[in-house]
Undergrad: 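Okay, here's the structure, questions in a sec.
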Amino acid sequence: MGQTLAEILDGAARGRFPAPDGSTTVVEAPSGRDSGVIAFTAHSVVFTDEDPAWVRATLASLDCDALAATMHPGFLHAFVERTGRTTDTIDLLTVAPALPGEPPLELREVTDPVHPRVVSARRRRDGVRMWAVDGGVLVLGRGVAGRWEVAVELDEDARHRGLGRALATAARHLVPDGEPLWSQQAAGNARSIRAFQAAGFRPVGSEALLVGR
């Protein structure tokens, strides 16, 4: 297993996961923006600039299954309180390889720097770009540990037509060859999960990101 979060993610994208031994790995935060937890099968990774001893002591103090400790509300609450950050939800973390050639949709790049979706994405990603089609948009950028990340948003009247799947697939054509593409879906957002899995994204774990207030 790699020693940095970027190395761990690169391995997971290629099917090389941390050992499912029930342990927690604490690694340095890849940037001042990114802190959080990724839970793989029976192995969690906490990325933070906080003292690893504090992380381990806080996890050990919880009255819960050790395998669930890093995603336990008690730990996440302590984590956000200690760091002065906040978190929205625990997401399903998914990944897919890049695809060659042009996207199968006619995408229009949106260059408006103050578009609400672009402004929101810049809180979590660098180099944000956005493309639109009738009924939806996709946003691409460099997120946690420099990984490529995509998010898709549909108009309400454009749902149930396969557009989400088509946009997620199109995004795989927009990243450089050999680079994996990551996405997060809220665990309760079944429509989004189905769309991304139909577009070839596979689940690798769960993720809780801590962002600045």
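Remember, predicted model here, so these are calculated numbers, not experimental data. Note: hydrogens, waters and symmetry copies are ignored here, and every other heavy atom, side chains too, is used.
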Undergrad: Taking atom CZ of R33 as the centre, does the number of heavy atoms from other residues, nucleotides or ligands within less than 6.0 Å exceed 12?
TA: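 Result for CZ/R33: enclosed.
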
Undergrad: Output the distance between atom CZ (F40) and atom OG1 (T70), rounded to the nearest 0.5 Å.
TA: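 Nearest 0.5 Å value for the CZ-OG1 distance: 11.0 Å.
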
Undergrad: Under a 3.5 Å distance rule, please check whether R147 uses its side chain to pair with a backbone N or O of A6 as donor and acceptor.
TA: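 Pair absent, no side-chain N/O of R147 close to backbone of A6.
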
Undergrad: Shortest non-hydrogen contact from S183 to F196?
TA: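 Closest approach of S183 to F196, heavy atoms only: OG-CE2, 3.3 Å.
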
Undergrad: If you look at every heavy atom in R14 and G178, which pair is closest and at what distance?
TA: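 Nearest pair, atom of R14 first, then G178: NH2-O, 3.1 Å.
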
Undergrad: Under the side-chain contact (heavy atoms from CB on, under 4.5 Å) rule, what do V139 and R129 come out as? Steps first, then yes or no, please.
TA: CA-CA 6 Å; V139 180; R129 297 174 68 186; over 6 Å; no

Undergrad: Between H173 and G101, which heavy-atom pair has the shortest distance, and what is it?
TA: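 What the structure gives for the nearest pair is ND1-O, 3.3 Å.
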
Undergrad: Which atom pair, heavy atoms only, marks the closest approach of I8 to P18?
TA: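 In this case the closest contact between I8 and P18 is CG2-CG, 4.2 Å.
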
Undergrad: Around atom CD of E106, are there more than 12 heavy atoms of other residues, nucleotides or ligands at under 6.0 Å?
TA: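 Atom CD in E106 is not crowded, with 12 or fewer foreign heavy atoms closer than 6.0 Å.
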
Undergrad: For the residue pair D34 and L5, establish whether any side-chain heavy-atom pair is separated by less than 4.5 Å.
TA: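 In short, these two side chains do not touch, never coming nearer than 4.5 Å.
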
Undergrad: When rounded to the nearest 0.5 angstrom, what distance separates CG in D51 from CZ in R56?
TA: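 Output value for this atom pair is 10.5 Å.
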
Undergrad: Look at the side-chain heavy atoms of Ile, Leu, Val, Met, Phe, Trp and Tyr, link any pair under 4.5 Å apart, and say whether I193 and V152 land in one connected group.
TA: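 Different clusters: I193 never reaches V152 through Ile, Leu, Val, Met, Phe, Trp or Tyr contacts under 4.5 Å.
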
Undergrad: Any link between V144 and L92 through a network of hydrophobic side chains (Ile, Leu, Val, Met, Phe, Trp, Tyr) touching at under 4.5 Å?
TA: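 Result: no, two separate clusters.
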
Undergrad: So how far is it from D91 CG to Q185 CD, rounded to the nearest 0.5 Å?
TA: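 Answer for the CG-CD pair, D91 versus Q185, is 7.5 Å.
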
Undergrad: Please confirm whether the backbone N or O of R194 pairs with a side-chain atom of R165, one donor and one acceptor, at under 3.5 Å?
TA: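 No, R165 side chain to R194 backbone: no donor-acceptor pair under 3.5 Å.
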
Undergrad: Do the non-hydrogen side-chain atoms of L62 and F75 ever get within less than 4.5 Å of each other?
TA: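 Counting from C-beta outward, L62 and F75 do come under 4.5 Å.
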
Undergrad: Taking the side chain as everything from C-beta on, heavy atoms only, tell me whether L167 gets closer than 4.5 Å to V150.
TA: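 SC-SC contact between L167 and V150 ruled out.
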
Undergrad: Quick one: pull up NE2 in H72 and CG in L59 and give me the separation to the nearest 0.5 Å.
TA: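 Going from the NE2 atom of H72 to the CG atom of L59 covers 11.0 Å.
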
Undergrad: Has the side chain of E50 got a donor or acceptor atom that lies under 3.5 Å from a matching backbone atom of V55?
TA: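 No, E50 side chain to V55 backbone: no donor-acceptor pair under 3.5 Å.
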
Undergrad: Set out, in order, the CA-CA distance, both residues' side-chain angles and the distance that settles side-chain contact (heavy atoms from CB on, under 4.5 Å) for V27 and T4, then state yes or no.
TA: CA-CA 6 Å; V27 298; T4 68; over 6 Å; no

Undergrad: Going hydrophobic residue to hydrophobic residue with side-chain gaps under 4.5 angstrom, can you get from L67 over to V46?
TA: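 Different hydrophobic clusters.
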
Undergrad: Hey, could you give me the CG/CG distance between L99 and L181, rounded to the nearest 0.5 Å?
TA: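 The CG atom of L181 is 9.5 Å from CG of L99, to the nearest 0.5 Å.
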
Undergrad: For E179, is the CD atom crowded, meaning more than 12 foreign heavy atoms sit under 6.0 Å from it?
TA: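 Enclosed: over 12 neighbouring heavy atoms sit under 6.0 Å from CD of E179.
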
Undergrad: Heavy atoms, side chains only, cut-off 4.5 Å: are R191 and N189 in contact?
TA: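 Side chain of R191 against side chain of N189, heavy atoms only: contact under 4.5 Å found.
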
Undergrad: Heavy-atom count check: over 12 atoms from other residues, nucleotides or ligands less than 6.0 Å from D63 CG?
TA: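 For D63, atom CG is not crowded (no more than 12 foreign heavy atoms under 6.0 Å).
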
Undergrad: I need the minimum non-hydrogen distance between A98 and V175, along with the two atoms involved.
TA: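 Taking A98 first and V175 second, the nearest heavy atoms are CB-CG2, 3.4 Å.
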
Undergrad: Taking the side chain as every heavy atom from C-beta outward, state whether E207 and I90 have any pair of such atoms under 4.5 Å apart.
TA: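 No - every pair of side-chain heavy atoms lies 4.5 Å or more apart.
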
Undergrad: Knowing that exactly one of L174, V110, V137 qualifies, which makes a side chain to side chain contact (heavy atoms under 4.5 Å, CB included) with W131?
TA: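 For W131, the side chain to side chain contact (heavy atoms under 4.5 Å, CB included) check succeeds only for L174.
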
Undergrad: Answer yes if L93 and M71 sit in the same cluster of Ile, Leu, Val, Met, Phe, Trp and Tyr residues linked by side chain heavy atoms under 4.5 Å apart, and no otherwise.
TA: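 Shared cluster, no.
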
Undergrad: Taking H77's backbone N and O only, do any of them form a donor-acceptor pair with E81's side chain (distance below 3.5 Å, no angle check)?
TA: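 Not confirmed, E81 side chain does not pair with H77 backbone.
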
Undergrad: For H43 versus D21, what's the shortest heavy-atom pair and its separation?
TA: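 Here H43 and D21 meet closest at ND1-OD1, 3.1 Å.
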
Undergrad: Quick one: are F79 and R85 in side-chain contact, heavy atoms under 4.5 Å?
TA: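 No. Closest side-chain heavy atoms not under 4.5 Å.
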
Undergrad: Quick one, L209 and F47 - any side-chain contact, counting heavy atoms below 4.5 Å?
TA: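 When only atoms from C-beta onward are counted, F47 and L209 do touch, with a gap below 4.5 Å.
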
Undergrad: Can you list the steps and then say if R202 with V95 is a side-chain contact (heavy atoms from CB on, under 4.5 Å)?
TA: CA-CA 6 Å; R202 69 181 191 277; V95 67; 4.0 Å; yes

Undergrad: Side-chain contact test, heavy atoms from C-beta onward, threshold under 4.5 Å: evaluate it for R82 versus T58 and give yes or no.
TA: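 They are not in contact (no side-chain heavy atoms under 4.5 Å apart), so the answer is no.
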
Undergrad: With rounding to the nearest 0.5 Å, note down the distance linking OG in S192 to CD in E153.
TA: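 Interatomic distance, S192 OG to E153 CD, rounded to 0.5 Å: 11.0 Å.
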
Undergrad: Where do L9 and W182 land on the side-chain contact (heavy atoms from CB on, under 4.5 Å) test, with the steps shown first?
TA: CA-CA 10 Å; L9 289 170; W182 297 82; 3.9 Å; yes

